[in-house]
Number of protein chains: 2
Amino acid sequence: MAYRRTTAVAQRLADNRDQILAAARALIARGGFAAATIAAVAAEAGIATGTVYRYFPSKAELFAEVLRDAARRELAVLSETAAADGPPLARLDAVVSVFVTRAIRGQRLAHAMIAEPVDPTVEAERLVLREGYARILGALMDAAIAEGTIPPRNTEIAADCIVGAMIEPLIGPLAKGKVRKKTQADDLLAEIRRFVNAALRADTANANVLDFPKGEF
Amino acid sequence: MAYRRTTAVAQRLADNRDQILAAARALIARGGFAAATIAAVAAEAGIATGTVYRYFPSKAELFAEVLRDAARRELAVLSETAAADGPPLARLDAVVSVFVTRAIRGQRLAHAMIAEPVDPTVEAERLVLREGYARILGALMDAAIAEGTIPPRNTEIAADCIVGAMIEPLIGPLAKGKVRKKTQADDLLAEIRRFVNAALRADTANANVLDFPKGEF
DNA sequence: CCATGATGTGAACTCTAGTTCATTTCTTTA
DNA sequence: TAAAGAAATGAACTAGAGTTCACATCATGG
């Protein structure tokens with residue numbers, strides 16, 4: 001026998017793996033999934049394209065792991081925020097603040113993780129993330145409803161509304177290629193918080209809406 | 001001289017063009033942009049692949065025109081709704097209802113038009129659509145503010161919040177083509193309206209939020 | 001320091017889909 | 001009906017990206 005993997009080598013392999021994941025994450029953060037070709041990922045990681053396949057069986061698996069990691073991290077941060085002391089709606093407000101702040105800083109990556117369509121393997125991981133958001137926000141709303149602080153509602157749909165209201169103002173400017181200054185970031189956070197907080201607090205039964213055309217897209 | 005285009009031929013050419021656009025729209029509605037390959041579009045339209053290029057210079061231009069047409073149609077419908085009689089917030093509620101109803105009916109097509117990423121040429125057309133939504137909603141909010149019905153706010157950001165709150169709950173179900181039951185569609189519409197209406201009506205100054213971690217996605 | 005197996009390499013292969021173009025078919029009019 | 005130009009065709013070309021693999025390089029232990 002003349003070769004056995006030593007711990008030093010094992011460490012290097014693990015590091016390489018992390019490098020590849022980091023490279024993929026960086027490229028996705030810069031230009032979305034489309035920009036993260038295997039060749040580009042390899043170049044970013046400083047290795048040959050073939051080497052990527054020593055660590056991941058396919059591009060889909062690599063992306064899935066990037067998304068899985070991001071989801072774990074994001075949901076952990078939000079769960080912790082949601083588990084703090086205080087009334088449910090204050091905690092929900094804090095969750096919104098944390099989400100928006102983090103998403104503003106990681107704009108493109110956040111958009112890719114949450115909204116950009118890719119192949120089914122990756123889509124399955126995204127589901128975990130989205131369901132995680134819905135679970136955290138939904139639980140806080142349910143708690144507020146149980147307390148009698150706010151009237152009952154469909155918290156599953158409302159959770160999606162909150163996620164959308166948080167994300168959309170962030171990606172619009174992104175598509176327009178605008179760069180955001182700190183003051184704009186502050187305005188953004190303030191306005192989104194106001195919007196979400198108001199949406200949860202007000203009790204408005206839906207009025208009958210005037211007849212409207214029923215066509216389709 | 002031995003040939004000159006006659007009106008009958010011109011008509012047939014125009015019809016072919018419409019056929020191609022309709023075929024592309026149908027395929028996108030069925031399986032998103034990915035399903036609308038030139039070969040598939042040609043087959044759907046009953047012509048050869050090469051023929052498509054006698055009518056459109058490139059696939060991007062074809063898609064852009066499909067999106068442009070859809071955007072024009074959608075914005076026209078919403079503008080008309082927004083221009084009806086009644087208080088601004090009631091009209092805004094109607095606009096939300098019309099948008100959500102049409103998007104649910106158009107399912108996959110709506111999702112593709114609003115959210116699915118494609119190349120920059122097409123993205124530019126999408127921007128017109130999203131900005132159109134923001135413009136219509138923003139104008140109605142401004143009117144409500146001018147009336148004194150609701151307190152002043154940053155209507156540009158709030159308009160994006162509304163768009164997000166309308167779209168996000170639809171994306172999951174629409175991507176999967178899952179909004180089949182009437183009750184589900186009704187729930188979606190009702191909850192989204194409630195969310196948006198409440199968000200606009202309540203006046204909640206933002207409380208100070210407890211310190212929270214400032215990391216990024 | 002060599003034998004051995006693991007690891008790294010990147011050119012080549014494959015697959016898919018957009019685009020082109022030489023040829024065929026059709027339309028018109030003299 | 002024949003000439004001439006327009007339109008349609010679809011096979012071939014091209015481009016880009018994921019994946020493979022024969023070979024090179026490196027690390028280990030006798």
Side-chain angles (χ1 to χ4, degrees), chain A residues 1-21 23-24 27-28 30-66 116-122, chain B residues 1-21 23-24 27-28 30-66 112 116-123:
Chain A
M1 202 200 302
Y3 183 93
R4 255 180 24 197
R5 187 183 288 177
T6 190
T7 58
V9 171
Q11 183 58 48
R12 181 168 58 79
L13 292 182
D15 288 351
N16 284 355
R17 201 166 190 287
D18 290 346
Q19 283 270 320
I20 294 170
L21 286 167
L27 285 166
I28 293 168
R30 222 140 67 214
F33 284 112
T37 64
I38 293 290
V41 168
E44 178 87 10
I47 58 175
T49 61
T51 307
V52 173
Y53 286 86
R54 295 243 174 235
Y55 294 86
F56 299 91
S58 72
K59 185 181 151 169
E61 279 298 323
L62 168 58
F63 282 6
E65 188 157 335
V66 170
E116 191 174 345
V118 271
D119 66 293
T121 311
V122 184
Chain B
M1 200 200 301
Y3 181 92
R4 254 181 22 196
R5 186 183 291 177
T6 191
T7 58
V9 171
Q11 184 57 49
R12 181 169 57 81
L13 292 182
D15 288 351
N16 283 355
R17 199 165 192 286
D18 289 346
Q19 283 270 320
I20 294 171
L21 285 167
L27 286 166
I28 293 168
R30 221 140 67 216
F33 285 113
T37 64
I38 292 290
V41 168
E44 177 87 10
I47 58 175
T49 61
T51 308
V52 173
Y53 286 86
R54 298 193 67 81
Y55 295 86
F56 298 92
S58 72
K59 185 181 152 168
E61 279 298 324
L62 168 58
F63 282 7
E65 188 156 334
V66 170
E116 193 174 342
V118 271
D119 67 293
T121 309
V122 184
E123 209 64 35

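Below, chain A is the first sequence line, B the second, and so on; all start at residue 1.
Taking CG of B:Leu62 as the start and CZ of B:Arg17 as the end, the distance is 8.5 Å to the nearest 0.5 Å.
For B:Thr49, the listed nucleotide lying nearest its side chain is C:dT20; candidates were D:dA6, D:dA8, C:dT20. Across D:dT9, C:dT19, C:dT27, the shortest atom-to-atom separation from the side chain of B:Ala48 is found for D:dT9. Listed nucleotides D:dA8, C:dT7, D:dT19 differ in distance to A:Leu13; the shortest reach to its side chain belongs to C:dT7. Comparing atom distances between the A:Arg54 side chain and each of D:dA8, C:dA17, D:dA22 picks out D:dA22 as nearest. Residue A:Ile38 places its side chain closer to D:dT19 than to any other of C:dG18, C:dT28, D:dT19.
Put simply, the side chain of A:Phe56 reaches to within 4.5 Å of the side chain of A:Leu21, judged on heavy atoms. Proximity of B:Asp15 to B:Gln11: side-chain heavy atoms (C-beta onward) are separated by under 4.5 Å at one or more points. Proximity of A:Tyr53 to A:Ile38: side-chain heavy atoms (C-beta onward) are separated by under 4.5 Å at one or more points. Counting heavy atoms from C-beta outward, B:Ile20 and B:Ile47 have side chains that approach closer than 4.5 Å.
Taking only side-chain nitrogens and oxygens, A:Tyr55 comes nearer than 4.0 Å to OP1 or OP2 of C:dG8. Residue B:Tyr53 places no side-chain N or O under 4.0 Å from the OP1 or OP2 atom of C:dC21. Residue B:Asn16 has no polar side-chain atom (N or O) positioned under 4.0 Å from OP1 or OP2 of D:dA7.
D:dC26 atom P lies 21 Å from atom CD of A:Gln11, rounded to whole Å. Put simply, CD1 on B:Ile47 is 15 Å from C1' on C:dT19, counting in whole angstrom units. C:dA6 atom P lies 14 Å from atom CZ of A:Arg12, rounded to whole Å. Nucleotide D:dG18 holds its P atom 15 Å from the CD atom of A:Glu61, rounded to whole Å. Between A:Lys59 atom NZ and D:dT19 atom P the separation is 8 Å, expressed in whole Å. One can place CG of B:Asp15 at 12 Å from P of D:dA8, the figure rounded to the nearest angstrom. The distance from atom OH of B:Tyr3 to atom P of C:dT28 is 6 Å, rounded to the nearest whole Å.
Between B:Thr6 and B:Ala60, the residue whose closest nucleotide on DNA chain C is further toward the 5' end is B:Ala60. Heavy-atom nearest nucleotides on DNA chain C were determined for B:Phe63 and for B:Thr51, and the one closer to the 5' end corresponds to B:Phe63. Comparing A:Arg5 and B:Gly50 along DNA chain D, the residue whose closest nucleotide (by nearest heavy atom) sits nearer the 5' end is B:Gly50.
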